[in-house]
Amino acid sequence: MNQNNHHAAHSASGRSVAANLYVALRAGFPADLARVAIETADTATPLRYRWSDLERGSAMLANLLGSLELPAGSRVAVQVDKSVEALMLYLAVLRAGHVYLPLNTAYQEAEIAYFLGNAEPAVVVCSRRNFGWVSRTAFNAGTKHVYTLDDDRTGTLLDRAAFHPDTHDPMPVAPDDLAAILYTSGTTGRSKGAMLTHRNLLSNAQVLHEAWGWADVVRGGGTDTLIHALPIFHVHGLFVASHGALLSGSRMLWFSKFDPRATVARLPEATVFMGVPTLYVRLLGEPTLTRAQCAHMRLFISGSAPLLLETFQQWQERTGHTILERYGMSETVMLTSNLYRPESARRGGTVGPPLPGVGVRVHDDKGQPVVTGEIGGIEVKGPNVFKGYWRMPETTADEFTNDLWFKTGDVGRIDADGYVTIVGRSKDLIISGGYNVYPAEIEGFINDMPGVAESAVVGVPHADFGEVGVAAVVAKPGTALDAEAILATLKTRIANFKVPKRVFVVPDLPRNAMGKVQKNLLREQHKGLFAG
Ligand code: MCA
Ligand code: AMP
């Protein structure tokens, strides 16, 4: 790849090679490409990928995509187990100027059919075990190319890519061209594809590069080692963690699946860890987690779900480190973050002040600003805020205010020093182990079952997952329902993390005078089930 040509390659359409997110990430690679970029932590023997392997592997994959002669901006949908090759595929899609569409491996046929039907990807990559039903679903959605990729580096994707050259000039893009679509479920039950541009992702990665001290380490001539233990089909693992390491030329210790004991064992050679609160709770359950074991660590970051103050404090006592909590969304990448320095400025129970360049405000339900410290709806603005929902202009318009701030659906307050505290959500959403579960979607699946009159799904506290779903189901007159059978059916239809942890068959749902289901009463009734 000829780096010198990039900045010259502007076109009249506002496209440039320099605007391609891959080019910016590539600029962060170390000068010595023979250094190890990623080391796998849970393969039979460690696999070591050099920076040159990331560059060459993603070039071959980008050339394969190029050979398909797809229109610019084609979607490449990917549902595969976590692997370094899957990360290369993401980079290849950026290089090729297409749009990456990652899908949770837990999604089943009905969920995938919706995503593929909605996004109409030109290319689908799946694991070999799912090829039968995924390819059928993909061809029905008009997809022409279906490849397989497994986490043992086998599958037709790599077989085909092997015939392509290992150099590739990234495609010019406009900053507002799409880089990725991330599906997030909606309160009406149907998922919405959040369209993220090269500018959205790059601006956020650059802000975090400074805000979390990666840049200082690089300037000091050092390097970080990130323990990467999150899935790479959501914002946290794919963008926040991977971009952080790539942009700073940092080594990654790559876990395909989170394992608390193995993670603690590798902490002495790492400097940065990112997790959802469940990961911190599980790490605290490891007797080997000690202050000495964490002595080499620079930073622990938490996000995606509320971190309990109790976990924050226990972590401080056990390890001597203060977890830095931050807040973001699929639609916006990262919005706020506690301060990196001084460590004493990280406040438990808050998500910190807005990141540089990000606007955060709190408005009441009439659209008026609240007094400092008062609670209201959190609204945001900035170069990180997405372009809209894929093929849903009306929904997009509804989610923005007249002056074009995005309504997050989170409820919170901003205190006098600018720290944001999230106190709840106006959207009916359960966050379980860092994954979002929309009750309306689950209720839809339950209500479709024979003999069901209606149902209500609520979130209740859970010692491990933070929050989990519980369902109350009412039978049609004259019908008997079996809670276990409902659970078993749900497990065959929807992603396992969405399946309520308990189903209760009840005579009726509590309603208020207006006839609205009182979910707060159900939450109250079941709050002790899993609180541990
Ligand atoms: C697994 N199970 C769950 C969850 N995960 N149940 C509820 N919530 C979950 N999150 C259930 C499975 O259904 C299964 O139940 C049983 O637990 C074991 O499954 P397994 O896959 O082995 O679980 P695990 O490997 O222990 O996974 C737990 C986990 C994982 C490591 C906490 O959920 C995880 O990696 N979470 C991170 C999610 C994440 O990256 N979120 C970021 C989103 P059964 O046996 O009954 O089937 S990005 C985001 O939110 C924004 C932008 C942000 O701010 O970052
Ligand atoms: P998603 O769109 O799936 O990425 O989920 C985004 C949602 O996760 C946000 O709207 C918040 O409700 C929640 N979230 C993310 N980070 C935090 C945090 N640190 N504390 C509380 N909630 C969070």
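Any value given below was found using the heavy atoms of this structure, including those in side chains, with hydrogens, waters and symmetry copies removed. Atoms within a ligand are numbered from 1 in the order they appear, just like the ligands themselves. Computed from a predicted model, the values in this text were never measured in an experiment.
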**Student:** About how many Å separate CZ of Phe239 and CG of Leu201, when rounded to the nearest 0.5 Å?
**Tutor:** 4.5 Å
**Student:** Short N/O distance, under 3.5 Å, between Tyr327 and ligand 2?
**Tutor:** no
**Student:** Going by heavy atoms, is His234 under 4.0 Å from ligand 2?
**Tutor:** no
**Student:** For the 3.5 Å polar cut-off, considering only N or O atoms, please tell me whether Thr184 and ligand 2 meet it.
**Tutor:** no
**Student:** Centre-to-centre under 6.0 Å for Tyr435 and Phe465, is that the case here?
**Tutor:** no
**Student:** What residues sit with at least one heavy atom under 4.0 Å from ligand 1?
**Tutor:** Leu230, Pro231, His234, Val235, His236, Lys257, Val276, Thr278, Leu279, Arg282, Ser304, Arg326, Gly328, Met329, Ser330, Met334, Ser432, Gly433, Gly434, Tyr435, Phe465, Lys491, Asn496, Phe497, Lys501
**Student:** Stepwise, does the salt bridge (charged side-chain N to carboxylate O under 4.0 Å, His left out) test hold for Asp417 with Arg347?
**Tutor:** CA-CA 12 Å; Asp417 346 334; Arg347 295 192 200 156; 2.4 Å; yes
**Student:** Among all protein heavy atoms, pick the one closest to atom 21 (C) of ligand 2 and tell me residue, atom and distance.
**Tutor:** Pro306 N, 3.4 Å
**Student:** Does only the side chain of Ser302 get under 4.0 Å from ligand 2, or the backbone, or both, or neither? Count heavy atoms.
**Tutor:** neither
**Student:** Looking only at heavy atoms, is any part of Ser304 under 4.0 Å from ligand 2, and if so is it the side chain, the backbone, or both, or is it neither?
**Tutor:** backbone
**Student:** May I ask you to list the atoms of ligand 2 that are less than 4.0 angstrom from any heavy atom of Glu325?
**Tutor:** 18 (C), 19 (N), 20 (N)
**Student:** List every atom of ligand 2 that sits less than 4.0 Å from any heavy atom of Ile431, numbering the atoms from 1 in the order shown and giving each element.
**Tutor:** 8 (O), 12 (O), 13 (C)
**Student:** Does ligand 2 have any atom sitting under 4.0 Å from a heavy atom of Asn436?
**Tutor:** yes
**Student:** What's the shortest distance from atom 12 (O) of ligand 2 to any protein heavy atom, and which residue and atom give it?
**Tutor:** Asp410 OD1, 2.6 Å
**Student:** Could you tell me which non-hydrogen atom of Leu307 sits nearest to which non-hydrogen atom of Ser302, and how far apart they are?
**Tutor:** CD1-OG, 3.8 Å
**Student:** Just which atoms of ligand 2 are under 4.0 Å from any heavy atom in Met329?
**Tutor:** 4 (O), 6 (C), 9 (C), 10 (O)
**Student:** Would you mind checking if Glu325 and Arg346 are paired as a salt bridge, meaning a charged N to carboxylate O distance below 4.0 Å?
**Tutor:** no
**Student:** Is the closest heavy-atom distance from His236 to ligand 2 below 4.0 Å?
**Tutor:** no
